[in-house]
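Reviewing the structure listed below.
Heavy atoms only: backbone and side chains are in, while hydrogens, waters and symmetry mates are out. Residue numbering restarts at 1 for every chain, and letters A, B, ... go by the order of the sequence lines.
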Number of protein chains: 2
Amino acid sequence: MLSKKTKYGIKALTFLARQEDNAPVSIATISKSENISLKFLESILLTLRKNGFLSSKKGKGGGYYLLKEPSEIKMASIYRVLEGPISMVPCVSLNFYEKCADCPDENVCAVRNLMIQIRDSSLQIFKNTTLADLCRYK
Amino acid sequence: MLSKKTKYGIKALTFLARQEDNAPVSIATISKSENISLKFLESILLTLRKNGFLSSKKGKGGGYYLLKEPSEIKMASIYRVLEGPISMVPCVSLNFYEKCADCPDENVCAVRNLMIQIRDSSLQIFKNTTLADLCRYK
DNA sequence: TTATTAATCTACTAATTCTATAGGGTTTTA
DNA sequence: TAAAACCCTATAGAATTAGTAGATTAATAA
């Protein structure tokens, strides 16, 4: 299941991507428009800023704005920052690899071989979809 | 992330599918072979029995055995019983649909439209893979 | 027939982690 | 001076991953 953190993060990014001139938008504005708890959204936007997706402007008239073109922001990178690994098991993850404690031999694991397929198909979608693509559903 | 419950469940089912004559296998045997906590495995197998994948025989020489041919058990059905919905958001789920509280209009939701694609690609794999396919990774 | 043993079944408990916030105070800037 | 981001802490509830104790059932050996 996708966490609300990721869901809200994607919604906020889409909202920012839809701004005409990429002018700063306050947390409160996004919070109201997208029905997201203000304080929760605050922490999500902070994460996105620390990971280079957003920048912010303090004080009156301030807010958050995108640092890159929506067409250059892949969903895969957003997903990894907010949700974590795209793989469903760590032993299959490309960016967050970990060995499974219970598996003596990865190459023989039936679960692993299935999860590689799931990872590949999801990854293809997440890699080939950008924030600009998401804005088109309007 | 895939829960250990689902992971262990798939491993146990694969183990049973590999038995020559489909003779009952005790929980202890599977537990040792697959490095799974015995009591945890017990509850997982119980779930799989209650959902029609397995049957069991009590007493000496008893254990669990498959009720259907491995080639007739789709990973999609196993996944849904152990892990729950294949979709990452409830508003996209075919078998566990729920409306999202924060969305005024589903058809316009960017997250939803992305998650439909993810669901479809995963579903295709889970539907077209059977327990028999998993046994081949040996 | 009886006792033993090897199984599943049922119910309760518990530690740990994750999720989704809420609150309050600080700093910056128009 | 007001509006905004920033930063730190706490927390209720849920899910996960088991562990504990005992009841029930069935095959088999005495």
Under 4.0 angstrom between [X] side-chain N/O and [N] OP1 or OP2:
| X | N | value |
| --- | --- | --- |
| B/Ser56 | C/dA7 | no |
| B/Tyr8 | D/dA18 | yes |
| B/Arg49 | C/dT8 | no |

Euclidean distance, atom [atom1] of residue [X] to atom [atom2] of [N] [Å, nearest integer]:
| X | N | atom1 | atom2 | result |
| --- | --- | --- | --- | --- |
| B/Phe40 | C/dC9 | CZ | C1' | 17 Å |
| A/Lys50 | D/dA5 | NZ | P | 15 Å |
| A/Glu42 | D/dA3 | CD | C1' | 14 Å |
| B/Leu46 | C/dT10 | CG | P | 6 Å |
| B/Asp102 | C/dT21 | CG | C1' | 14 Å |
| B/Leu48 | C/dT8 | CG | P | 14 Å |
| A/Tyr65 | D/dA4 | OH | C1' | 14 Å |
| B/Leu54 | C/dC9 | CG | C1' | 15 Å |

(request) Kindly determine whether A/Cys100 and A/Glu106 satisfy side chain to side chain contact (heavy atoms under 4.5 Å, CB included), including the steps that lead there. (result) CA-CA 8 Å; A/Cys100 293; A/Glu106 281 184 357; 6.0 Å; no
So what does [X] touch, heavy atoms closer than 4.0 Å: a base, only the sugar-phosphate, or nothing?
| X | answer |
| --- | --- |
| A/Leu45 | nothing |
| A/Ile27 | sugar-phosphate |
| A/Lys4 | sugar-phosphate |

Do [X] and [Y] share a hydrophobic cluster, counting only Ile, Leu, Val, Met, Phe, Trp and Tyr and linking them when any side-chain heavy atoms are less than 4.5 Å apart?
| X | Y | result |
| --- | --- | --- |
| B/Met1 | A/Leu114 | no |
| A/Phe96 | B/Met88 | no |
| B/Val89 | A/Phe40 | yes |

(request) Among the candidates D/dC7, C/dC9, C/dT21, find the nucleotide nearest to the side-chain atoms of A/Ser43. (result)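 Per side-chain heavy atoms of A/Ser43, the pick is C/dT21.
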(message) Between B/Tyr64 and A/Lys60, which residue's closest nucleotide on DNA chain C lies nearer the 5′ terminus?
(response)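 The residue whose closest nucleotide sits nearer the 5' end is B/Tyr64.
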(message) With nearest nucleotide decided by heavy atoms, which residue, A/Gly59 or A/Ser37, maps closer to the 5′ end of DNA chain C?
(response)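 The 5'-side residue here is A/Ser37.
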(message) Would B/Lys4 and A/Asp102 count as a salt bridge (Lys or Arg N to Asp or Glu O under 4.0 Å) here? Give the steps.
(response) CA-CA 10 Å; B/Lys4 289 194 175 176; A/Asp102 55 306; over 6 Å; no
(request) Would you state whether a donor and an acceptor, one from the side chain of B/Lys39 and one from the base of C/dT10, lie under 3.5 Å apart? (result)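 Present.
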